[in-house]
Amino acid sequence: MSFAHETRRRRTFAIISHPDAGKTTLTEKLLLFSGAIQIAGSVKARKASRHATSDWMEIEKQRGISVASSVMQMSYRGHVVNLLDTPGHKDFSEDTYRVLTAVDSALMVIDAANGVEEMTRRLIEVCRQRDTPIITFINKMDREVRDPLELLDEVERELGMPCSPITWPVGSGKHFGGIIDLRHQNMTVFEAGAEKRPHEFEVLPLSDTGALQARFHEYYDEAVDSMELAVGASAQWDQAAFLAAQQTPVFFGSGLNNFGVREVLDAVVDMAPPPRPRRAFVSVDGELQETLVRPEDEGFSGVVFKVQANMDSQHRDRIAFVRVASGHYVPGMKMRVQRTGKQLRPTSVVTFMSQRREAVEDAYAGDIVGFTTHGGVQLGDSITDGADLRFTGLPFFAPEMFMTVVLEDPLRSKQLQQGLAQLGEEGAIQVFRPEAGGNMLLGAVGQLQFEVVRHRLKTEYNCAIRLEGCQYTGARWISADTPAELRAFEDAYPLRMARDAANALAYLCTSPYDVRLAQERFPKIRFHPLREHAGMELQTA
């Protein structure tokens, strides 16, 4: 049986951007226009009772930022669209990197006043490594912004691929008149107001040049001139080049005012790819051999790209987010975690509207489903209906900052162990257990990760901690060809050895020279700044 008809209807994409480019607001509006929600929440109105649908964690509502990726499914024009909203803050880049392994395309949001910013560059690099097609939305055109030609040139330079403008702005700031749609040869007239729906905006044909010039004066003429320059200097739209991540379509608008958003939603359906084949390894006569898993294949398979503890504060549950790679999920089917060989019997399988859940009747390749789990499932685990199949691992990056965990109330040690184990498994932070004993260590990419973990331990596990500085400034996962070589290294550095949440062995560093000196002393030991999921070979960089 082939599921090609269903998989062709799927679109799975992530929204990426630098903080404050308007990503979460745009997410709200995409949900609004697809009919998935009835009213959009403001991510800025922190004290209001209405918050962004995609920001469900208490600390997100307090700060008005996204600190965890969230998953939302919606229907639009006969397609099933899976949207993943990622944290914009650089301190949570690991979560974002892992989310990008679960999508087939990305929507990059750029602040028209600031252009391509630091976090966007890092995310672009991840997309380029995976050849992920990127749709570009230049936001906030209703403010004082940079010249669109200049923005286009910067996007091309940073992406390392040509842009193809699909819409073009007429004016900006208080003179923002609207956008010209090159695909449909018309102009949609801008009107401020967050309550307006797409069909309520006025649309004028480009053929009526006189009326457009009379209404928008020199701003229209300037827009046409710059648009012709941009189109003349840009490569013609090429769908194959876009799918190969060698071209990006560019759209302009104002997410806050619902303007230019429908064009982006249409582009996701019309341009973005359906689920694609995914690389995996299959065991043949005891050896791992590479294979391609196709979305239309009959056997069910998927990969856990995110584990989230305590989404429902009443039930203290844990949800494993699984990107379906092939086959057809139906309720009650038997599944197996390939890493351990154990049967997976989830009590509930759901799709998401942020924290709101609906029971899954069926799911196909490209869909994101959540399995309620009580342990035994880790980030990167391959889930199948029986086939011995393992997808290539999710990335874990060596931490750049370390803190020692000090428990305020010694009687809460059980809660601390449980909390750190679950937060470590979900990837909220990296937890290291020193082999020589002593306090647990937390490793993070950024300071805000420590604050979030301390907050969550207090609110979700009723466990107050204090975080203190320590001498470690980095870590490297280690491997060797033989157990004896590894043991000799451990014996030489007993106080530097620690194990992470996946029980992988790591060497803790106090300076950049530590690794070099240890490498010279033990040339057969390999030091890894990147760890892929347990069960796959560690990656060297």
Check your understanding: Is R146 salt-bridged to D111, cutoff N-O under 4.0 Å?
Key -> no

Review point. Going from CZ on F252 to CD1 on I138, what distance comes out if it is rounded to the nearest 0.5 angstrom?
Key: 4.0 Å

Point to revise | R531 NZ/CZ over F396 ring centroid, <6.0 Å and within 45° of normal | key: yes

Check your understanding: About how many Å separate OG1 of T136 and CE of M161, when rounded to the nearest 0.5 Å?
Key -> 8.0 Å

Review point. Rounded to the nearest 0.5 Å, how far apart are NZ of K140 and CD1 of I110?
Key: 12.5 Å

Exercise for review: Fit a plane to each ring of H175 and Y219, take the angle between them on a 0 to 90° scale, and name the class: parallel (under 30°), tilted (30 to 60°) or perpendicular (over 60°).
Suggested key: parallel

Exercise for review: Report the residues that fulfil side-chain contact (heavy atoms from CB on, under 4.5 Å) with E202, sequence neighbours left out, ordered by chain and then residue number.
Suggested key: V189, L204, R215

Exercise for review: May I ask you to check whether Q73 and N82 show a side-chain donor-acceptor distance below 3.5 Å?
Suggested key: yes

Point to revise | Gap separating the CZ atom of F13 from the CG atom of L83, nearest 0.5 angstrom | key: 4.0 Å

Check your understanding: Taking T25 for the side chain and G255 for the main chain, is one N or O donor matched with an acceptor at less than 3.5 Å?
Key -> no

Practice item. Return the set of residues passing side-chain contact (heavy atoms from CB on, under 4.5 Å) with E6 (not counting sequence neighbours), or none when no residue passes. Key: R9, R10, Y364

Check your understanding: Do D297 and S326 have a side chain donor and acceptor closer than 3.5 Å?
Key -> no

Review point. What is the distance from atom OG of S382 to atom CZ of R336, rounded to the nearest 0.5 Å?
Key: 11.0 Å

Check your understanding: Taking atom types as modelled and ignoring hydrogens, do the side chains of D266 and Y76 form a donor-acceptor contact shorter than 3.5 angstrom?
Key -> yes

Point to revise | Euclidean distance, I383 CD1 relative to L389 CG, rounded to 0.5 Å | key: 11.5 Å

Practice item. State plainly whether the residues D367 and R323 are in salt-bridge range, i.e. N to O under 4.0 Å. Key: no

Check your understanding: D381 and Q338: side-chain donor and acceptor closer than 3.5 Å?
Key -> no

Exercise for review: Could you tell me whether K196 sits above the aromatic face of F201, with NZ or CZ closer than 6.0 angstrom to the six-membered ring centre and within 45 degrees of the axis?
Suggested key: yes

**Study point:** With N139 via side-chain contact (heavy atoms from CB on, under 4.5 Å) - residues at least two apart
**Key:** V109, F137

